[in-house]
Structures are given as structure tokens and as C-alpha cells.
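Each remark here refers to the structure printed beneath this line.
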Amino acid sequence: MKNKIQKIVLDAVQKGFEDGLLPSDHVPEMEIEEPRNSSHGDFSTNFAMVSAAIQKMPPGKIAQSLVSSIKTLGEATGEEANLIEKIEIAGPGFINFFLSKKAWHPVVDRILDQDKQYGASDIGKNEKVQIEFVSANPTGPLHVGHGRGAAVGDAIGNILCFAGFNVQKEYYINDSGRQIRTLGKSVWLKLLEETGKEIEFPDDCYQGDYIKDLACEILEKEGSKFIQGDEKETIAACAKFAAKKILKGIREDLSSFGITFDNWFSEQSLYDSGRVQKIIDEFTSKELIYKKDGALWFRTQDFGDEKNRVVVKNNGQTTYFASDIAYHMEKYERGFDRVIDVWGADHHGYIKRIEASVVASGRKSKQFEVILVQLVNLLRGGKPFQMSKRAGDFVTLKDIIDEVGKDAARFMFLSRSYDSGLDFDLELAKQKNSDNPVYYVQYVHARIAGIFLKAKQENIIQDIDFDKGENLHLLIAVEEINLIKILDTFKENVEKSAQALHPHVIFTYLMTLAAAFHGYYNRHKVITEDRELTLARLSLVLGVKKVIRNGLVLLGVNAPERM
RNA sequence: GCCCCCGUAGCUCAGUGGAUAGAGCAUAGGAUUCCUAAUCCUUGAGCGCAGGUUCGAUUCCUGCCGGGGGCACCA
């Protein structure tokens with residue numbers, strides 16, 4: 001609808017120029033916006049104000065010329081007369097458009113016709129985008145923070161896809177390096193303890209219950225003689241077993257959170273294939289990597305980082321940074337023009353150095369984007385609930401899903417911008433009642449399903465499949481037109497959400513639509529004595545149902561037929 | 001000290017270079033012979049402070065103040 005208005009304005013500018021009403025046909029950057037206040041019309045443009053300098057005329061005068069051209073054109077084609085009820089010039093030079101009610105009715109047809117594709121956009125132009133998220137080390141189960149990253153990453157992937165991007169979702173498995181060795185050692189020490197030895201655990205070891213479970217499982221499978229073998233080999237075996245097992249758990253947790261990845265990428269594979277070494281050699285030959293104090297350093301400082309960073313330590317071990325460089329190079333070589341990483345806010349110091357390596361390799365800095373998800377502040381009954389990974393005292397994502405359910409958890413994680421810290425109160429989220437916004441939106445879907453159930457029982461709709469609206473001209477109530485207006489903006493919201501990489505835009509939209517529907521529902525009966533009107537209203541609410549579903553799908557939340 | 005995020009209603013948060021800044025919760029009152037009351041209707045109060053850019057700033061820029069997070073040959 002907004003596009004139609006824009007076209008009318010552009011045509012009128014051209015016409016005005018041809019007729020000598022306007023000195024220039026240049027159109028500066030202007031806005032077609034929906035005014036907050038409905039007394040300012042359905043749409044409003046600031047064209048006259050932003051054109052004052054170009055046209056060398058006062059805004060009021062420009063507006064008058066434009067309106068007169070619109071009217072001339074409208075009379076010629078007869079089209080605008082149908083669409084626009086009146087045009088007003090107001091304030092410092094706003095041109096306000098008031099649309100006729102029937103201008104809105106085709107929106108319902110479009111929704112019913114496009115169905116699951118309604119709201120889809122092609123702004124992505126099929127550009128290849130990779131989004132990598134979660135990527136938690138397989139050294140322990142996923143916790144709440146990972147849950148937020150998972151919900152955000154998955155939703156952004158869905159939204160980008162719906163907006164016409166060619167999206168791949170990937171999980172990077174840190175299955176190499178020190179943390180995995182530490183995991184092996186932790187399990188091994190726990191094994192020794194289980195067999196009766198006095199063990200003092202070093203500070204850097206993991207000590208959650210899951211470590212004990214893993215140790216017991218190994219003991220059960222391998223027997224106690226397992227630990228009498230070579231210490232190094234045994235630890236390595238423990239590490240391998242534990243990482244594999246933990247990763248399996250991570251996959252299961254994500255799966256029950258409704259998340260699947262297109263690709264799982266192993267860090268170890270970068271070493272196995274010699275890629276890491278190759279990248280180090282390559283950058284060394286370009287003198288981007290140099291040797292100092294027995295270590296190899298990357299000149300990240302030349303690219304805006306505050307200091308240079310080590311890629312190979314003086315003991316010969318590579319750092320995570322080394323494999324991360326190789327990994328990101330690999331992404332671009334796979335053909336992604338745009339690479340998005342979703343990280344926890346505590347990793348923000350890492351952005352500059354990865355960006356430096358990307359730029360050093362000749363890519364543009366904007367081809368690498370990081371979404372920093374601010375931390376989740378876990379509360380229980382309004383009081384801070386500290387978690388410490390080392391002590392093993394933390395709330396896992398699985399706990400959350402078990403307590404509040406997948407839908408409520410995902411909706412909660414996406415309810416706010418990830419730029420802000422999120423309070424997640426376990427007691428509050430546990431309540432399966434109206435305090436939880438997810439029910440508010442899902443209820444719309446279920447309510448409408450209920451209406452259709454009744455309509456079928458009463459034999460109103462047995463023969464109608466609603467691939468387009470019925471009797472839409474009967475939809476004239478304020479609440480009905482208002483609902484259609486909101487439905488009409490779904491696509492804009494998808495595009496806005498995709499461009500900003502902000503999934504909560506969809507959340508806010510759904511809450512707005514849900515509120516409008518509940519208000520309508522309480523004021524008007526859909527199923528009435530008047531069969532024709534009933535069909536019109538059924539068409540409308542079916543449109544609402546489809547849009548709610550399309551929105552919820554993007555966020556990874558179910559749209560239930562019944563609650 | 002440096003870097004990132006935030007500062008909007010009593011609380012938790014949306015939002016916008018424009019004309020009267022929104023929602024939920026909380027508070028107070030009301031609505032169901034009727035498609036799910038997991039709903040709706042009514043009720044008060046707010047853009048941290050100071051400059052700058054602009055015809056116009058809550059929005060953009062700078063500084064300050066306040067809160068959170070990060071600054072290892074850790075990840």
C-alpha cells in the first residue's frame with residue numbers, strides 16, 4: 001500500500017514538472033510514513049518539506065502544487081479516486097492521505113492467496129549469507145545464555161531467508177585445543193576419584209555433575225583397568241569420549257529447542273586438512289604474521305585492533321585465534337558474501353581481531369558482522385541467581401525448556417532487543433498463565449481455529465476453501481479496517497527486521513496484531529445471523545490467523561490450533 | 001585507563017530526524033444468556049545531564065553522569 005502512495009507522489013511530481021507547477025522534477029530522499037495519529041491520515045509524506053531547497057518554493061506551496069497534480073492525474077485515470085478519500089495539507093507542509101475503506105480490502109485477498117508466502121520479500125536478492133551461532137564448546141551442556149544466542153541466531157536466519165536471502169545456519173565445534181584437553185583431564189580425575197583415590201581438583205577443571213556422570217559411564221563401559229593405562233592416552237580417550245557425548249547432548253537440546261543447523265563444522269578438521277598451517281604460512285609470507293619472543297604474532301594492530309595477537313605460542317601450540325582465522329577464510333571461500341557471527345557480549349573484545357584478519361585477507365569489513373547478544377540475567381523469584389560453570393552450579397537450557405516449554409522460552413528470549421541485557425526470571429517464566437506473552441499471541445491463533453471449528457459445525461463454510469476473501473466490501477467497522485492495516489504492514493516489518501538483524505521487530509509486530517485482534521473479537525461477533533457478513537469476517541480472521549502463524553514460524557514458535 | 005551495550009511511565013521494555021512518545025506488569029474500577037475470560041474496556045505518570053548538527057533532536061554527533069560486560073602467549 002505504501003508503494004502505491006509513493007508511486008502516486010512520484011507520478012504527481014513528474015506531472016507537476018511537466019505542467020510547469022514545479023520548477024524541478026528531482027525527488028530527494030523522502031518518507032512515506034504512517035502517522036502515529038490517525039487524524040493525520042493513513043499515510044503522510046514530508047516531500048514538500050524536504051524539497052523546499054530544491055524547488056526554491058515554500059513547503060506549503062509545493063504541497064498545494066503536488067496535491068493539484070495528484071487530483072488531475074486521479075481524474076484522468078479514475079484509479080486514485082477509488083483509493084484515496086481525501087488529501088490534506090497540514091502542519092509545516094505534510095501531505096496527508098486518507099484512504100477509502102475499500103482500498104484496504106484487497107489485502108485480505110492477497111494474504112489468503114499467498115498463504116505461507118505472505119510477507120516474504122525479495123530484498124535479499126538471493127545473496128549468500130552464513131549465520132553461525134551457539135557454537136558452544138563441547139565441554140558442558142548448554143546454559144541459558146546459549147539459549148538466547150540460539151533463539152536469536154535461528155530467528156535471524158529464518159527472517160533473512162524469508163526476506164529473500166540464501167541462508168546457511170552453521171555450528172562451529174571447538175573440538176580441539178586446551179579446553180578439550182581440560183575436559184579430558186577433568187573426567188579422568190573424576191574417574192580416579194570414583195575408584196577411591198583422594199583427588200584435589202585444579203582450579204581450571206570442570207566439576208559439574210555431568211563430569212561425574214561421564215566418568216561413571218566410562219567406568220561402566222571400560223571397567224576400572226581402563227585408568228591403569230598410559231596417563232596421556234587415557235586422558236585423550238576420556239576427552240574424546242566426553243566431547244562426543246556432550247556434543248550429542250547439545251544436539252538433542254537444540255533439537256528440542258526447535259533448532260537444526262544446515263552444517264556442523266569441526267575445528268579439528270581445519271588442523272587435519274592442514275588449513276591452519278596453510279593460512280599461517282600465507283600470512284607469514286605477506287608479512288602479516290611475524291615472530292617475536294618465540295611466538296608468532298598477527299599484525300591486527302595495523303587493522304584497528306589495540307594490540308597484535310598471538311597465533312602460535314612459544315611452546316608451539318596454536319591459539320584459538322589461529323584456527324578462527326582459518327575458519328573465517330574458509331567461510332568466504334565457500335562462497336558466502338556475508339558472514340554473520342552471533343556471540344555473547346563477553347566476547348566483544350574478539351571482534352576487532354577477527355575483523356582485522358578478514359580485512360587483511362582483502363575482504364571488506366562489512367562482509368563480517370557480529371551480533372553481540374547481551375547477557376541473560378538469571379533470576380529466581382526476583383532475586384539474582386548466580387551461576388558458576390566451574391562449580392557445575394548452573395541452569396541448563398534443558399532445565400529451562402523442561403520448566404517453561406520451548407515456545408515460552410524462545411518467545412521470551414526474542415521479546416527484547418539483544419542489545420539489552422535480559423532478565424529471565426525462572427519463577428515468572430514457569431507460570432503457564434497470562435503473564436507470559438507467548439500465550440497472548442498463540443491464543444489468537446487458537447481462538448480463530450475455534451471460530452472455524454464452530455463455523456464448520458454450523459455448516460457455514462463446508463464448501464468454501466477461502467483461497468480469496470468473500471464479501472470483503474462488508475468489512476467496514478473501524479476495528480476491521482484497522483486490523484487490515486496492521487496485516488498490510490507485515491512485509492514491511494519482515495524487511496525491517498531483516499535489514500536491522502533484529503528479530504524482536506517481529507515480536508513487537510505480533511503483539512500489536514494480537515492486541516488488535518483480541519479487541520476486535522471482544523467487540524464483534526464473527527459468526528452472526530448474517531451469512532454474507534459472517535463469510536466476510538471469516539475471511540478477515542483467517543487472514544489474521546495466517547499472518548500470526550507466519551510470524552511465529554519466523555521466531556520458531558508453534559501456532560497451536562487449540563490451547 | 002581503554003573498548004562494547006544500555007539509560008524512555010512505579011517496574012520490565014518497545015519506538016521515531018517531524019505534527020498529541022507506546023505496550024505489558026503493578027494500582028483502581030468494570031465487562032461473559034454469545035465463536036476459548038489464557039480475553040476485553042476505563043484510569044495516572046516519562047525520553048539521565050550539557051553542548052553541537054538541523055527548518056525541526058527523545059532519535060544523529062561530542063562530553064559528562066549512572067548501570068552491565070570485556071580488556072592474558074584464555075576462549
Side-chain angles (χ1 to χ4, degrees), chain A residues 31 33 35-40 44 46 49-50 52-53 58-59 90-94 96 135-137 139 174 177-179 182 204 292-297 305-321 323-324 343-352 370 372-375 377 382 415-423 425 428 431-444 446-455 457-458 460 502 504-505 507-509 511-512 514-515 517-528 534 537-538 541 562-563:
Chain A
E31 297 272 331
E33 57 161 15
R36 282 196 282 262
N37 187 332
S38 61
S39 72
H40 296 139
S44 176
N46 59 354
M49 280 128 75
V50 295
F94 290 104
N96 298 334
S135 300
N137 292 345
T139 53
N174 286 108
R178 194 180 65 84
Q179 297 213 30
T182 305
D204 62 347
K292 188 188 139 202
D293 302 336
L296 292 180
W297 299 70
D305 199 3
E306 54 195 38
K307 54 181 284 193
N308 290 334
R309 308 288 176 176
V310 170
V311 285
V312 181
K313 294 185 255 186
N314 66 5
N315 63 9
Q317 283 178 0
T318 49
T319 61
Y320 278 77
F321 181 40
S323 49
D324 278 341
W343 295 349
D346 53 341
H347 285 63
H348 97 268
Y350 213 69
I351 297 176
K352 272 272 159 56
V370 176
L372 269 194
V373 180
Q374 294 298 314
L375 301 182
N377 190 21
S415 64
R416 316 256 140 95
S417 164
Y418 49 72
D419 288 334
S420 294
L422 179 74
D423 286 341
D425 193 313
L428 205 74
Q431 294 172 16
K432 294 205 167 188
N433 61 27
S434 58
D435 287 343
N436 204 330
V438 71
Y439 296 106
Y440 189 75
V441 175
Q442 287 184 322
Y443 189 36
V444 172
R447 262 190 158 168
I448 296 172
I451 295 172
F452 271 81
L453 217 59
K454 182 169 177 186
Q457 278 163 9
E458 298 192 0
I460 298 168
H502 271 152
H504 77 275
V505 169
F507 171 91
T508 307
Y509 173 79
M511 292 297 281
T512 307
F517 172 78
H518 287 311
Y520 174 63
Y521 178 92
N522 271 272
R523 192 172 290 243
H524 299 282
K525 296 277 296 175
V526 172
I527 297 170
T528 62
T534 300
R537 289 184 170 171
L538 283 171
V541 299
R562 211 175 252 285
M563 289 172 73

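Just so we're on the same page: letters track the sequence lines, and every chain starts at 1.
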Whole-Å distance separating the [atom1] atom of [X] from the [atom2] atom of [N]:
{"X": "A:F507", "N": "B:rG15", "atom1": "CZ", "atom2": "C1'", "value": "14 Å"}
{"X": "A:W343", "N": "B:rG70", "atom1": "CH2", "atom2": "C1'", "value": "13 Å"}
{"X": "A:I351", "N": "B:rG70", "atom1": "CD1", "atom2": "P", "value": "14 Å"}
{"X": "A:R562", "N": "B:rA38", "atom1": "CZ", "atom2": "C1'", "value": "15 Å"}
{"X": "A:H347", "N": "B:rA75", "atom1": "NE2", "atom2": "C1'", "value": "5 Å"}

Can you identify which nucleotide, out of [options], has its nearest atom closest to the [X] side chain?
{"X": "A:Y320", "options": "B:rA75, B:rG68, B:rA19", "answer": "B:rA75"}
{"X": "A:Y350", "options": "B:rA75, B:rA14, B:rC73", "answer": "B:rA75"}
{"X": "A:H504", "options": "B:rG68, B:rA14, B:rU12", "answer": "B:rA14"}

Would you mind classifying the nucleic acid contact of [X] as base, sugar-phosphate or nothing, using non-hydrogen atoms under 4.0 angstrom?
{"X": "A:S417", "result": "sugar-phosphate"}
{"X": "A:K454", "result": "sugar-phosphate"}
{"X": "A:A90", "result": "base"}
{"X": "A:Q442", "result": "nothing"}
{"X": "A:M563", "result": "base"}
{"X": "A:D425", "result": "nothing"}
{"X": "A:H40", "result": "base"}
{"X": "A:I527", "result": "base"}
{"X": "A:F321", "result": "nothing"}
{"X": "A:N315", "result": "nothing"}

Distance check: side-chain N/O of [X] vs OP1/OP2 of [N], anything under 4.0 Å?
{"X": "A:Y521", "N": "B:rA37", "answer": "yes"}
{"X": "A:K313", "N": "B:rA72", "answer": "no"}
{"X": "A:R523", "N": "B:rU39", "answer": "no"}
{"X": "A:K307", "N": "B:rC3", "answer": "no"}
{"X": "A:Y418", "N": "B:rG69", "answer": "no"}

Span that lies between the C1' atom of B:rA75 and that of B:rA14, in whole angstrom
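After rounding to an integer number of Å, I get 34 Å for this pair.
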When rounded to the nearest Å, what value does the distance between P atoms of B:rG15 and B:rC74 take?
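To the nearest whole Å, 40 Å.
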Quick check: on RNA chain B, is the nucleotide nearest A:H348 upstream (toward 5') of the one nearest A:N46, or the reverse? Name the residue that is more 5'.
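Nearer the 5' end of the strand: A:N46.
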Any side-chain to backbone donor/acceptor pair from A:T534 onto A:T528? Under 3.5 Å, distance only.
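Yes; at least one donor-acceptor contact below 3.5 Å.
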Relative to each other, are the rings of A:Y350 and A:F321 parallel, tilted or perpendicular (30° and 60° limits)?
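A:Y350 and A:F321: perpendicular rings.
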When you measure from the centre of the six-membered ring of A:F517, is the NZ or CZ of A:R447 closer than 6.0 Å and no more than 45° off the axis?
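Not flagged: A:R447 not positioned over aromatic ring of A:F517.
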Between the base of B:rA19 and the ring of A:F94 - centre-to-centre under 5.5 Å, planes within under 30° - is that a stack?
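So yes, this residue stacks on that base, both cut-offs being met.
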Where do A:V444 and A:Y521 land on the side-chain contact (heavy atoms from CB on, under 4.5 Å) test, with the steps shown first?
CA-CA 9 Å; A:V444 172; A:Y521 178 92; over 6 Å; no
